[in-house]
Every structure is written in C-alpha cells, then in structure tokens.
Amino acid sequence: MTPAPTLALLVLILAALAVAQALRRARLWRRGRPAHVDWLAGLKALPRRYLHDVHDVVARDPYAARMHAIAAGGLITASVLGVFGLVPALGHSPVYGALLALAFAAALAGGVMVGRRRSPVKPARLSGGRFRLVPPALTAYAGGGLLVGIAILAGPGFAALGWLGVALAAAGAAVLVYLLGDGPMRHVFAGALHLAAHPRSDRFEGGRETALHPVDLAAPQKLGAETPADFAWNRLLGFDACIQCGRCEVACPAFAAGQPLNPKKLIQDLVGSLAPGGAPYAGSPYPNARPVAGVGGPELPIVGLGAMVHPDTIWSCTTCRACVEECPMMIEHVDAIVDLRRFQTMELGAVPEKAVQPLLDLRQAEEPGGRALAARGDFAAGLALPKIQDRPAEARPAEVLLWLGEGAYDLRYGRTLRALVRLLGAAQVDFAVLGAEERDCGDLARRLGDEATFQDLARANIATLSRHRFGRILTADPHALHVIRNEYPAFGGHLEVVHHSSFLDELVAGGRLAVGDLGAALPGAVTYHDPCYLGRYNGETEAPRRLLDRLGLERREMARSGKRSMCCGGGGGAPVADIEGERRIPDLRMGQASETGAAIVAVACPTCTAMLEGVTGARPEVRDIAELLLAAVEAAPPAAAPARQRQPEPVA
Amino acid sequence: MKVLVLLSAGRHPASGRAGPVPVELAAVRLGASLGGADLAGLHAGPDADAVADALGHGLARLHLQPLAPDADPLGALEAAVRRLAPDLVLAGNRGQGGEDAGLLPYALAARLGRPIVADAVALASDGDGLVAEQALGRGARRRVELALPAVVTVHPSAPPPLPFAFGRRRSGTIERLPAFAADAPAPAAPFEERPYRKRPKLIAKAAAGASAADRLKAATEAASGGGRVLVAPDPAEAAAEILAHLRAIGVLKR
Amino acid sequence: MSAPRRLRRDPRGEKAATAVTGGRRPRFDLGAEARGAAATGPSGRPRRDPRGEADRQRIPGGARLRMDRAHRGGASGPGQVVAEASAPAQRLRTIAAPAFLVGAVIETSAGRPTPHARQVLGAARLLADGHPELGEGAVVAFTVADAGDLGPVGADRVLPLGDLITGDYDPEGLAAVLATAAETLGLRHLVFAETADGGDLARRVAARLGEGLFAGAESLTATTVTRAARARRTERRAAPPRLLTLAADAVAPHAGPLHEARSLAAADAGLGHAPEVTRGIRAARRIAADPAAVSLAEAEFVVSAGNGISDFAAFRDLVAALGATPGASRVVCDAGLMPRSAQVGASGTVLDAACYFALGIAGAPQHLQGVAGCEHVVAVNTDLHAAMIERAGLAIVADAQAVMPALLAALAAEQAAAGRDREAAE
Ligand SMILES: Cc1cc2nc3c(=O)[nH]c(=O)nc-3n(C[C@H](O)[C@H](O)[C@H](O)COP(=O)(O)OP(=O)(O)OC[C@H]3O[C@@H](n4cnc5c(N)ncnc54)[C@H](O)[C@@H]3O)c2cc1C
Ligand code: SF4
Ligand code: SF4
C-alpha cells in the first residue's frame, strides 16, 4: 500500500459516506407530501441551471463567486483525480502527482478564501457555529491531498510525507462528512438535487414562474402547511439546500425594518422543524424576535407560540420575492410563507386582527373595503368612463379594457387614474371599464392565505371577463396585473394584460401621444421605484424607464433598482397585517430615494403610491408615471401633435 | 351548557349579497366564550346557503329548520328550539337584510316563556344562571344576572366574529330538522319600500342641562359651523371658539 | 339612559327644576318646520323652495340679516333651527275630552326628559294633532323617574309608573305595565325612543301584545313614518302603526303651546295594582362609561394628537379636562408616544364618535378613513392646506402647542367661576 491508493480509498469512503448521508436525509424529505417531478428533464437541465441560473446569482458577489469556483472546482477535480490513485501505474507517476498537487492546491486556496470571509470579523449575514469548521476541514483535506501529490511527484523516498498527507486528509474528510449530514456541506447534494427536482421548473433560463400554485380545495387533506410533513417533499429538499449565505436576509425589507422576519432564519427553522436537534443556528436572529417554545418535529406544528415560528414572523412578509431573487440555492421562500399562511388562515382562522374585516368583506362584498363595486368609478369625477356593457353589440371589441383595481377607491390614487383616463382620451384609445362588474382581483386574499376566497373571486372575474369583448386588459395596478396575467390561467382565464407603463410607452413610441419637455417645468431629477409585482414578478423594468426618459427628465437610479429593487412595504397584505417593527419599510425606501437627490419619486403602482405618500417629513414628491406623462403631454407644443387623422373629440 | 345561535340570512349593506349577519357571528363567538358550551346554530329557511359561512366562524354544527321562503319563521323557530332544548338561545340584536327590527328574539322568547336580555357584549355562566354584560351605548354597561333557560341578544360592540376559516366551514355539518308545517305568514301591515335615502338630522344637540344662553348659542353656532376657518387667532380666542363649538354640538358636558 | 331606573328623590332639585321649567326661557322652535315638511314631489324627493329656504336660513333676532348656510339642502324640515329670541307669554292648550290617546315613554336624565325623550313627545304630539278628522288627540307621557314639568314639551297627561315596578331595573315589569296601559287606555299610538333601554322596552311590549313594531323611525308625520330596512338599502314607509320607536334626532321636540301635563291616576289606566309578571332578571348593576377607558370604537368624543404635537403631558391633561377619549395618528403611535390602541385610521380604529378633535394631524387618507363617520370635526393645524382643516367644521390655523394651554386655562377659569357661583348661591 502506498499513499496514493489510500487517498483514493479515502475519497471513495468519503463519497460513500456522502451518499449514505444523502440517503439518510432523503428519508426525512420523504415524509413530505408527494410531488410530481420530471427527473429526466430535471437532471438533464441540471448543468445549465447550475451554470446559468445559480451562477448569475452567485456572481453578484464576485468574491464569493471566485471562492466558490475555486473551492468547489478544486475539491471536486482533486477528489476525482484522487480516485485514479487506485490505478497502480499512476501511483508513482510524477505527472499524476503534479496534477493532483495542482488540483488540491486550488482546493486549498478555496479553503483559505472560505476562511478569510469570516475573519477577522464575520459579516452579520453569514453564520458562525459549524460554518467555522468548514475552512479548517477544507484546508486539512486539501492540504493533505496536496502533500500526497507532492510526495508522488517527489518520488518513492517521500512516502512518509505522503502518509502525513493521507492522515491530514483523513482528518479533514471526517469533519467534512460530519458537515455533510448536518452542517454547511449538506448544500452540496441537497442543492444539486434541488436544482433537478425544483418545484418551479419554469423559473430557470430566463423564465419567471412567479404565480402561486393553487390549492385543491376539494382534496381531503388539510389546507396549507401546518407541519413540515405538509410540505411537498421537494420543498423540504429545497430548505435543506440553504447554505446560510444570508443574501436573502440582506434583501428582506421586513428584516431591515426590524420586523420579526429573517428569511434565512425562517428557512433554518423549517429545517430545524423537520430534523430537530440538528446543528444549532448561528446566524442573525429574527429582529425583535417574539418568544416561542422552539419545539418542532416532522409532524408537529411549525407556527405558534408553542412551536418554532411566531405568527408575527410569517405575517411580516410583503411577498416581495427579494429573498427569492437573491437566493443562490433557488429556494422559494414566498411559497413556503404562503403555504404556512394558508394553514393559519383556512384551517385555524388565525389571521392578523386587522385582516379579518377585509377578508370578510372580500367574501361578502367582493371588495376588501366593503364598498359598493359601483362606486369604483367615482374617482373619475366627471371624466367619461365608458362602460363595456354600454357598447353596442355590433361594435368592434374595445381596444383595451381598463381594470381600475383597488386604487380607484383611494383619494390620492384617483389623481393617477384620472391622469391615465385623460391620456387614453388624448391618444384616442378605445377603452372601456367593467363598472360594477369589476370585483377585487383577489390578490390580497391569496397573499393572506385565503385561497378559498381568492378562487371564488378569480372564477367570478374570469366568467365576467369572458362575457365581454376587448383586446387587452390595461391596468395601472401591478398586483392585479400579476394575478390576472399569471394566476388566472390556472383557473381557465387566459388574458393578455398590459401595465400602464408599457402601454403608455407604446402610445408615445407609436406617435399616438405627443410629449413636450418636462425638464423646465419640473426641475430636479426623478428616480423610479420599481414595484415588486411589476419588476421582480413580471420582469418589466425597462418600459417605465424608457417612458421617463422620453419626458426630458434627469433620471437617477437608487442603490437598489430593477429586479433587485426594494419593496415599498405594501405587498402581501403586510399593511393590513401591520406587524410592528422598529422602522417602516416605506420610510427606508423613501430614504433611499432621497439619497439620490431626486426631487420626484416616480411610481407605477397604487400600493407604492399609498405607502410612499404615507412617509412624513421633507421628502421627494411621489408622482405616478401617468401623472408625469400627462404633464408632458400638456406641455407639448400644439404643432407637435401627431398628424394622424382623428375625429375632433374633446379630451376626456 | 347547551347554546343555540339563531342565524338569519343577511345581506351585505354595500353589495346586497347574501351572507351571515356579523352580529350573529359575534354571538357565535360569545357562545363559544362560555367555555365547554355545546354550541350549534339554527336557521329556518329553504336552505342554509346564506348562513353556511357561519361554520367557518367557529360554529361546528348548524341545524336547518326547513321552511318555505316567505313563511313566518317564528313558529318554526319555536318548534326547533323546543325540540333542541338549549339552555341559552343567542341572537343578534338586529337582523341585516330583512325587516332589521330586532323584534323576533322577543317574540320567540315570549312564545317560549323565557326571559330575554338584550345587547350583550360579554357572557359568563353563574351557577344555574347567566351573567350578561349589556352595552348601553358609548361605553356604558350593565351587568344583568338572569335565570336560565333564556334568550340573549348580542350587541355589535361585542368582540368581533372569529375570523373566517374555510377549512372549518368545509368540515362543519348541517343537520336538517324535520319539516315544519309553517304558519301562514302573519298579515303584515302594508308598507311601501323604496331605495334608502339618508335624512338630515336635527343639528342642535345642546346638552339637556345646558343653560338657555348656551342653547341659544348652540343653535346659532352649530348652524354656522359648516366649515368655519379661523386663521392665526389669538390662542385664548381660539380656545373660546373651540369650547363654544364643542358645547354647541353637545359633546362637552361641563 | 335612566327612564326605567328610579332615581333617589331630591326634593330641592325637584323644586328647582320646576321653577326653571315654569319660567319663560327662550326656546328653540325645532319643530316649526316639521309639521309642514311633507312637501315632497311626486318622485318622493323633497321639492326645493328657494325662497322658503332663504327664509329658514335667516336667523331671527338682531338687526343684521344672518344666514345659516349650513342648511343647504334643508328643505325637508327637521334640520331647521330657528330661535325665538324673545319668548312671548305661552298660551296653554287644554285637551279636556280627547278623541284618542297617544302614549309617549319618557326617559330622563337628572330629573328632566332627555333630548331624545323630548323628540319622542314631539312625535307623539304630531300623531295626536295630525288627525283633525278624528278630533283632538291627547298625549299621555309615561314616566318612571321624575321628569319635571312635561307641559312645555307637549304632554297632556302624565302617568308615573315608578311605583308599579320593582327595583332599579325591571324591564319585564315595566313592559307588562305599559302593555296593560296600552290596552286599557286604548292608546292609538305608543312611541318609544330607540335607545338601548327604550328599544328593549318597546320590543318587550310588542312581544307581549303580539303586535308589530315600527322600529327606529327616521321620519314621521301624522300619516307616514319611514325606517331603514334591508341593511339600510331600502326605506320602508307606512302609516304610523300603534307601536313605534323613534331614532335619535329624527323629529323635533314640541315647540307649540304649553300643555297641561295633568297627572293621571294609575287606577284609571287599569293599573290599580301591578300586573303579575314572572321575572327572569335577578339583578342588575349599571357600570358608567369612563371616557378615558372606553374603547375608541365606542367613544363619543375623541381628542387626537398628531405629529404636530410635542407636549404630550399637556395633551393628556387636555383630554382629561374635556372628558374625552384620547386618540392619535399613526406617526405618534409608531414613535411610542401614545399606545398602539389609540391609533385612529385605516390600520387603527374606525371611529363612530360624534365629534373628532384633531390636534396637529395632517389628515392623510388612511387617517381620514378612520373619522369618515364622525359628524363633527374640529382641527387645529399650522397648515391652512392640511386635509384635516378642509374636513373640519371648525378649523383653527394655529400652533396647537399654544392652543392646548389656552384651552386648559379657559376650562380652569370656567371651573373656578362655576365654583364661585356655587359658593355665592349658598
Ligand atoms: C397602509 C397605510 C396605512 C396607514 N394607516 C394609518 C392609520 O390607521 N392611521 C394614521 O393616522 N395613519 C395611517 N397611515 C399613515 C398616514 O399616511 C400618515 O403618515 C399619518 O397619518 C400622518 O400622521 P400625522 O398627520 O400625525 O403626521 P404629519 O403628516 O407629519 O402631519 C403633522 C401635521 O401637524 C401639523 N403641525 C406641525 N406642527 C404643528 C403645531 N405646532 N401645531 C399644529 N399643527 C402642527 C402639520 O402642518 C401637519 O399637518 C397609514 C399609511 C399607510 C401607507
Ligand atoms: S435561503 Fe438562500 S439566500 Fe437565504 S441564506 Fe439560505 S441560501 Fe442564502
Ligand atoms: S418576500 Fe420579501 S418580505 Fe418576504 S421574506 Fe422575502 S424578502 Fe422578506
């Protein structure tokens, strides 16, 4: 026996133990509900998902990307090379020795980089605890392998060095195996399997599968997730993939506002509920954490004062998907939170106090404020709002159906909608509204976990929409847009929806609206706040910016923008849940807007408008892009009006 | 204790959609607060569609007393209550969507020969009786001790209904009681019905004990109060104006 | 309310009360318009009468013409306030041999009928006087506690029932007494106030008599009475039935001639002794509302602080001095300056208060949602353009920090003056 085959055996044992650990862990995952997984497609797509999607996320932190490439690449290459030590001829080949040494040297460098990340001070987002064992274990294993390589390279006289290397590598490997089963290294196999068996297979390679999955309300099993076993097995697998990098924590607006939510800790609590007694969590806690018993198990409740997670934690979430967007392991936090909420709401009726009435009104009045549906058009205050029911049967379908949404009942937002209606008039868009037939789209009910009420609303709206003839649905509300565009198809509603930012941009680009220069009228720069449900959920970040650029305004970007923008705090029913924190999310976001020095925050969502308008004190003005565009259209020199033939019809 | 909550088919004030009446759902919660109560609902009508959502608000069982759509429910309810023999019958203090007069629980109590107490916001059992806390408006309360069996109506200031839980509605049961030979509908006094119109209220509400001068001031002040704005008054003048105004509208009682 | 509740007798107070009511106080003719108010067009909507409106808006007394523009749409009558600045000697109207009787159940407070009870008497008067074809009707006032002189408010007869019931709170006994009286006196109508106890009593009487009840009348003439039904989506109108309850502030009190308010013997009403009743109510105890502790949702008068307030000690003193319930805007609750339970607005409490007094509150839409149901709003704000100023019936554009101490000082001065008056009187 020489060091080379011993090292090879060591690697094989390591691999076997890794498989054993994975199988042990898989037994836990199998306690979850069954899920349909297309293994073949998943495994085939695995390399692309890894190199494309995972890498895109990891690369946002260049140090981490380099570290991971070197450490993981070195480790895998070196280990595979190490197995070849079983071939007797290679045991003494200096070329082999050199290659082995090189690969292990890379792994060693990676190990050192891993260590450097947490020293001298550990950044708050990273975890301590067992994570501190990773660098020494990695360096020992890689260093040992390096010694073996050097010994082979140096020739037979250096067997002692080789044995030392084997011993060192064995020590490192032992720790790594330990960390594979219950520690940071679990992400290796759980992450790979999660990529293959991901519950949202359409989110990869540029896809944006963001719709919540429907609940089968007639199925006999309980509604939503109460215990870890109520999650589909591949969801449990996903939680296990978490590497505790803390990127989600950094992105989470509720965490930043000091509300008791930290998506990273939540995922770890789910892991801890599935396998109690595992590695203790050593990352940042929930801010202002509410006390809970900390008792969990595969068949025990997750949420509750006597369980693992306080209800305030799941109700703090704005469903902004920032965590999902940042997660290198492609974990779906929002799905998990909504599943937990579904059980609380539908089985226990345990919704936040202030959410009870809106949910009740959604059931009984199809509107969360309990207001008359016919009053939705009241904002128009004299502007003509043609109703689709009034169109003669022989008329051609309306060009667009204007979906007014919840914002129509809001005093402030009425201004935006009036601007939009005026613009439609100016561009001679043939539009109509549903009038009293427009119900709430169901967004609030669904995010608050009331899937039953959501489905009632969705079906009723789909039935209404299918009775009328129109081209596209136009809405200024990204929440309605998302629900109708992405979530109604599961209930048979296949509708084309366009956001007013895109539509107005089209109108200007197509010459149907002539715009003047606003630069003089509105001195000072403008910064655009991306609504989560438009940017992250639907990938629409360019149209609003294009439109703003057409107005002659100086546009500045906030530190967080586009798909990585920060939430205003208004989504997911968070305003009605109103979980107390230290700060308000809109105040934080407005602070970021102020930092750009802009005089105006341009918004494109009724909820963002309400949240940001609620910020007190000196701050940039909040203006919807429709309001800005209307100002620009009014500032347009009359001569510049497009030469298209149009009937002399008064604007609005 | 056996508790039966009367559920009527209500209508949402804005949408007009059929559904349970909030104050009756609050009654369900009060019934449940009696700890260990055997709690069920009772609806008399052709079907339970309008009230079945009550099963999602903390009620596990609902009795349906089948009844023709326009029949007078009083006799049917009386028969059902006699059959089910609850210790306590709970009802909302007013319906929502029909007559909304709040007379039915009284008529039922009279027919059953049970005492009735109105407008409860809290309940507690007390030996062989019951203690009901009654809302007298504007936060005043009265604790009433009464003998059981009894009928108690619930006031909207009672704790709000338990949130709706679809899963519970799904698992709740509806039991049909034997058919009831309905009374011929009581010959209702003739009335005319038209869309609701809000009527102007009297405006001078000077406190009963106010002096004549105060009340004169009340009348004129209240009358002129349609959006008066004082810009930068002397603080003492502002204070005097405010106090006079508060007296005029009757909220400042000293 | 205290009608079915017996107050301890206070002979001195009683004497004083009679003395006052007998005098010639200036009186508001709140009812002058109500009788002729049924000027509705064929559509049921009130016809507008611009000249009449202007006349009504004119406030008599004083040489200057003063218009009361608050009555913009006030053609339907009961909204009128007309002051008789100088009261002439009152004519006494005696109805010796009434053609029929109309009963009115009187609730009292401190030895006087409550404003609502005066409206009930006003309604009873309308019903008694509105049928000349039947002859003159007389109003019988049923009282439990001492109600003072009911002649000026329109009672022809007074039947005290206090001795026929047991204890402080006996709605079961009282309902039996009233039901008996209604039958033996052959009352054509019996009017109650739609209050917690009045409404309860009316329903008990209706159940006892096996009759219908027209509950919560919102408008009333001798021939038509209306009420809301179907979750306030419809209005029902009918000829006034025998039993009815009257919503608050729907009918003006009587303001015509003095009536005799002659005592009626209980025996004449078939009430020589109290009727037999089985009582299920064993005991009752009233718990008075403490404005400082009452929940915001039930509070009648809320004084609220916003971001413009810095001196919260003064604010709390002011709330206590005004006998109000404290509220706050969200910013203030967020900052921990007031408890979360004090938050008014969309994500706080939606108020049902009669009056909302906002100090240093801008009036964001989410905040205004919470006060949408408040009839009266008073605002103090430094910003003339604040939404709250626009919403207010009385708006003071000033520094709330200066107004609060001024209010406290004014209240203290009034109290001191009242104390001196009392001393002087003794
Ligand atoms: C989803 C959502 C829900 C919300 N729910 C609520 C809610 O339920 N309740 C609520 O209150 N808010 C709510 N808000 C917040 C709301 O939008 C406002 O931010 C808040 O009401 C402002 O409070 P404020 O008027 O006290 O403060 P500010 O807006 O700061 O206004 C202070 C006012 O005081 C005046 N002022 C300053 N100094 C003085 C002085 N010395 N004397 C007199 N006046 C002075 C100023 O002119 C200004 O008008 C909500 C917001 C959102 C987005
Ligand atoms: S959930 Fe994802 S982003 Fe959050 S810590 Fe885990 S791996 Fe990182
Ligand atoms: S969705 Fe947004 S608010 Fe919710 S956990 Fe993720 S980052 Fe936080």
Side-chain angles (χ1 to χ4, degrees), chain B residues 11 13 16 96-97 99-101 103 106-107 110 115 118-119 136-147 150 157 189 191-197 199-204 208-209 212 216 219-220 223 225-233 235-236 238-240 242-243 245 249 251-252, chain C residues 25-26 28 59 68-70 76 78-79 81 83 109 112 114-115 196 200 203-204 206-207 212-213 215 218-219 228-238 241 249 252 280-289 294 298 300-301 354-355 376 378 393-398 402-403 406-407 410:
Chain B
R11 294 206 168 268
Q96 185 187 79
E99 179 93 10
D100 304 356
L103 190 56
Y106 289 85
D119 294 335
L136 300 178
R138 298 300 183 202
R141 300 279 188 259
R142 183 189 286 126
R143 289 178 89 85
V144 183
E145 292 169 32
L146 79 163
S157 301
F191 62 83
E192 188 192 334
E193 192 146 9
R194 43 172 82 173
Y196 184 69
R197 177 163 72 87
R199 289 166 187 281
K201 284 186 158 195
L202 288 180
I203 42 175
L216 176 61
T220 48
R228 238 151 53 88
V229 183
L230 301 185
V231 181
I242 294 169
L243 293 181
H245 185 79
I249 59 183
V251 292
L252 183 59
Chain C
R25 297 179 289 120
F28 315 117
I59 292 167
D68 167 13
R69 294 292 181 199
S76 61
V81 177
S109 165
R112 306 162 133 273
T114 63
D200 175 60
R203 287 166 181 80
R204 288 178 190 275
L213 170 72
E218 295 187 354
S219 78
R230 301 198 186 281
R232 298 196 94 75
R233 292 163 65 78
T234 66
E235 175 182 279
R236 287 196 180 171
R237 34 176 59 223
D249 302 330
I281 293 176
R282 294 168 171 170
R285 183 163 60 87
R286 200 184 152 97
I287 307 159
V294 68
E298 276 188 82
E300 180 181 17
F301 176 25
C355 178
H376 302 284
V378 179
L394 175 63
I396 310 282
V397 181
V403 173
L407 275 167

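Protein chains get the first letters and strands the later ones, always in sequence-line order, with residue 1 at the start of each.
Of the atoms belonging to B:A110, it is side-chain heavy atoms, and not backbone ones, that fall under 4.5 Å from chain C. No part of B:A150 comes within reach of chain C, as not one of its non-hydrogen atoms sits under 4.5 angstrom from that chain.
In terms of heavy-atom pairs under 4.5 Å with chain B, the best-connected choice from C:A283, C:A228, C:A398, C:C355 is C:A283. If you tally non-hydrogen atom pairs under 4.5 Å between each of C:A215, C:A288, C:G212, C:A284 and chain B, the highest count goes to C:A284. The candidate with the highest count of non-hydrogen atom pairs below 4.5 Å against chain B, out of C:E300, C:R232, C:R285, C:R236, is C:R236. When the candidates C:I287, C:L213, C:V403, C:V378 are compared by the number of heavy-atom contacts under 4.5 Å with chain B, C:I287 comes out ahead. Between chain B and the residues C:V397, C:V294, C:I281, the most heavy-atom pairs under 4.5 angstrom are made by C:V397. In terms of heavy-atom pairs under 4.5 Å with chain C, the best-connected choice from B:A236, B:G137, B:P233 is B:P233.
Contact between C:R286 and B:A140 at its shortest, heavy atoms only, is NH2-CB, 4.1 Å. A pairwise comparison of heavy atoms in C:A402 and B:P235 identifies O-CB, 3.8 Å as the closest pair. Looking at every heavy atom in both residues, B:D100 comes nearest to C:R230 through OD2-N, 3.2 Å. In plain terms, the two heavy atoms of C:E235 and B:R197 that are nearest each other are OE1-O, 3.6 Å.
A donor-acceptor distance shorter than 3.5 angstrom exists from the side chain of C:R233 to the backbone of B:P13, with no hydrogens or angles considered.
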